[in-house]
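All residue numbers refer to positions in the sequence shown, counting from 1.
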Amino acid sequence: MASRSETIRPVPKKQTTSRRTRKRLFVTRSADSERDYFDYNLLAVVILLTCFGLIMLYSSSAYEAIVENNNDMAYFGKQAVISAFALVCALIGSQMDYHRLADFSFPLYVVSTFLLIITKFVGREVNGARRWLGTSSFSFQPAEIAKIAVILLLPTLIAKMGYKMKGFKPILIVGIFGLISAFCTYFFTDNLSTAIIILGITVVLIFIAHPKTWPFVAVGVAAVIAIAAGVAYIILSDVDGGFRIARIQVWLHPEDYASSGGYQILQALYAIGNGGFFGKGLGNSTQKLGSLPEAQNDMIFSIICEELGVFGAALVILLFVFLLYRLFFIAQNAPDLLGSLIVCGIFVHIALQVVLNIAVVTNLIPTTGITLPFISYGGTSILFLMVEMGLALGVSRQIKLK
């Protein structure tokens with residue numbers, strides 16, 4: 001018999017589950033573990049780059065805005081409104097099915113080509129370049145629409161060809177559309193940098209879709225040899241020609257053209273050198289006070305180097321690297337070939353534009369007049385960049401995580 005201090009507790013029955021119940025639980029967990037994905041990391045880095053760009057835009061443009069408009073917020077206010085509107089457009093676009101958007105890729109391509117052609121005849125001329133359509137109060141660059149059109153059309157063509165992307169004919173069909181857009185961009189708007197970007201997008205998309213590598217390696221080697229031979233000829237023969245050759249001569253010897261074509265790049269280099277490692281402090285740039293032309297546009301990276309130093313410039317580059325990494329992640333995990341190629345096209349565009357801008361500012365290549373994404377001043381640029389981010393977020397929304 002148990003003592004009064006002891007308590008007799010019933011032994012609990014062993015809980016058992018039948019084989020059918022266990023199977024049902026397993027299936028339910030497997031189904032519940034698959035969920036929709038949305039790349040908030042990409043959205044966060046885009047917002048961060050845009051906000052940083054607005055800060056640097058105000059810092060680099062306040063003096064010029066006061067001189068020209070008697071309002072230090074002139075450039076900043078306009079860019080802030082367009083950036084906010086563009087971000088809303090990106091969020092709305094991310095909810096759209098990119099397959100339906102791809103159905104309109106060919107009409108968009110035709111419209112963009114038409115706009116490029118008429119720009120030569122009815123476009124607005126700004127700083128000696130006729131690249132804008134519209135009025136002085138509202139204008140846009142058709143070349144930005146051409147980038148979107150190529151990023152949508154070429155993946156659509158490649159996805160429809162599928163396994164047929166093996167021989168020379170598919171490469172020719174896809175390549176012709178890219179070449180036409182690049183040619184129209186260069187010939188009708190005299191925009192070499194955008195033409196190079198469109199060609200780069202075309203080549204990379206075909207390279208990804210085509211199973212063979214050696215033709216692209218051969219073409220790449222031939223292109224490098226041709227460019228090197230052309231630069232060597234200009235150096236050795238000291239030829240006089242058009243403004244393209246003049247730009248190469250300025251690139252090689254900017255100090256010899258300090259009062260003309262080399263003035264801007266020399267001032268940019270002075271700004272980078274004045275910044276040191278940690279910079280002179282936000283807002284303390286001296287080159288932006290009338291010495292460096294277009295400080296808020298193509299040369300804004302030099303102001304970043306002067307005010308925030310090499311350390312600040314490295315952080316900006318890391319932000320772009322993280323942005324490209326998120327695009328690579330989305331492209332790698334896209335639900336189909338179409339989505340993957342669309343994001344690859346966006347990746348190539350952003351990467352080329354960042355590399356070309358920084359290379360120009362540091363005088364590694366001749367000047368091309370290309371902006372730094374999300375940071376340089378330009379309403380058309382930020383609007384269509386956000387459209388591309390909306391496309392990438394739309395692809396990420398259809399990724400399924402397990």
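The minimum heavy-atom distance linking Ala334 with Ser340 is given by the pair CB-N, 3.5 Å. Across all non-hydrogen atoms, the minimal contact from Leu292 to Ser302 is CD2-OG, 3.3 Å. Heavy atoms only, all atoms of each residue included: Ile151 and Glu388 are closest at CD1-OE2, 3.7 Å. For the residue pair Leu49 and Ile375, the shortest heavy atom distance occurs at O-CG1, 4.2 Å. Heavy-atom minimum distance, Leu154 versus Val174: CD2-O, 3.6 Å. Nearest approach of Ala143 to Thr185, heavy atoms of both residues: CB-CG2, 4.1 Å.
Just one of Val360, Ile317, Thr371 meets the side chain to side chain contact (heavy atoms under 4.5 Å, CB included) condition when paired with Phe301; it is Ile317. Of the residues listed (Val46, Leu43, Leu91), the one engaging Met389 in a side chain to side chain contact (heavy atoms under 4.5 Å, CB included) is Val46, and it is the only one.
Taking the side chain as every heavy atom from C-beta outward, Val150 and Phe177 never approach each other to under 4.5 Å. Looking at heavy atoms from C-beta onward, Pro373 lies in side-chain contact with Phe320 at the 4.5 angstrom threshold. Within the 4.5 Å cutoff, no side-chain heavy atoms of Ile303 are placed close to those of Gln296. Residues Arg131 and Thr194 form no side-chain contact, since every pair of their non-hydrogen atoms from C-beta on lies 4.5 Å or further apart. In this structure, Thr189 and Pro142 have side chains that are not in contact, with every pair of non-hydrogen atoms separated by 4.5 Å or more. Leu152 has its side chain out of reach of Tyr98: every pair of non-hydrogen atoms, C-beta onward, lies at least 4.5 Å apart. Contact of the Ile350 side chain with the Leu323 side chain is registered, since non-hydrogen atoms from C-beta on lie closer than 4.5 Å. Contact check for Thr119 versus Phe188: no side-chain heavy atoms found under the 4.5 Å cut-off.
Under 3.5 Å, the side chains of Ser291 and Gln267 contain no donor-acceptor pair of N or O atoms.
Without hydrogens or angle criteria, Asp97 side chain to His99 main chain gives a donor-acceptor distance under 3.5 Å. Checked by atom type and distance alone, the side chain of Ser181 never pairs as donor or acceptor with a backbone atom of Gly178 at under 3.5 Å. Between the Asn357 side chain and the Ile370 main chain, a donor and an acceptor come within less than 3.5 Å of each other. Ser396 places a side-chain N or O within 3.5 Å of a backbone atom of Leu393 that can act as its donor or acceptor partner. With hydrogens and angles ignored, the 3.5 Å screen pairs a side-chain donor or acceptor of Arg130 with a backbone N or O of Gly123. No donor-acceptor pair under 3.5 Å is formed between the side chain of Asp72 and the backbone N or O of Ala65. Under a 3.5 Å cut-off, the side chain of Ser94 and the backbone N or O of Gly390 do not form any donor-acceptor pair. The closest donor-acceptor contact from the side chain of Ser105 to the backbone of Ala102 lies under 3.5 Å.
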* Under the side chain to side chain contact (heavy atoms under 4.5 Å, CB included) criterion, do Leu192 and Thr368 qualify, and how do the steps go? -> CA-CA 7 Å; Leu192 178 61; Thr368 59; 5.5 Å; no
* Is there a side chain to side chain contact (heavy atoms under 4.5 Å, CB included) between Lys288 and Glu307 once you walk through the steps? -> CA-CA 10 Å; Lys288 68 183 181 184; Glu307 296 188 349; 3.0 Å; yes
* To do: Starting from the C-alpha separation in whole Å, work towards a yes-or-no answer on side chain to side chain contact (heavy atoms under 4.5 Å, CB included) for Lys120 and Asp190.
  => CA-CA 9 Å; Lys120 187 175 182 65; Asp190 198 21; over 6 Å; no
* Does the pair Tyr377 and Ile300 meet the rule for a side chain to side chain contact (heavy atoms under 4.5 Å, CB included), with working shown? -> CA-CA 9 Å; Tyr377 176 72; Ile300 197 169; over 6 Å; no
* Checking side-chain hydrogen bond (donor to acceptor under 3.5 Å, both in side chains) for the pair Ser381/Glu144: CA distance, chi angles, key distance, verdict? -> CA-CA 7 Å; Ser381 176; Glu144 299 294 336; 4.8 Å; no
* Residue pair Glu306, Thr286: steps toward the side-chain hydrogen bond (donor to acceptor under 3.5 Å, both in side chains) verdict -> CA-CA 9 Å; Glu306 184 178 10; Thr286 55; 3.2 Å; yes
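Considering CG of Leu54 and OH of Tyr75, their distance stands at 15.5 Å, rounded to 0.5 Å. A distance of 5.0 Å separates OH in Tyr270 from CG in Leu266, rounded to the nearest 0.5 Å. We find the CD1-CD1 distance between Ile158 and Ile173 to be 11.5 Å, quoted to the nearest 0.5 Å. Note that CD1 of Ile145 is 8.5 Å distant from CG of Leu116, once rounded to the nearest 0.5 Å. Once rounded to the nearest 0.5 Å, the distance linking OG of Ser61 with CG of Asn297 reads 9.5 Å. To the nearest 0.5 angstrom, Leu153 atom CG is 10.5 Å from Ile342 atom CD1.
Using cut-offs of 30° and 60° for the angle between ring planes, the Phe187 and Phe183 rings count as parallel. Relative orientation of the Phe277 and Phe311 rings is tilted, given thresholds of 30° and 60° on the angle between their planes. Using a 30° and 60° split on the angle between ring planes, Tyr325 and Phe322 fall in the tilted class, from 30° to 60°.
Other residues, nucleotides and ligands contribute over 12 non-hydrogen atoms within 6.0 Å of the CZ atom of Phe38.
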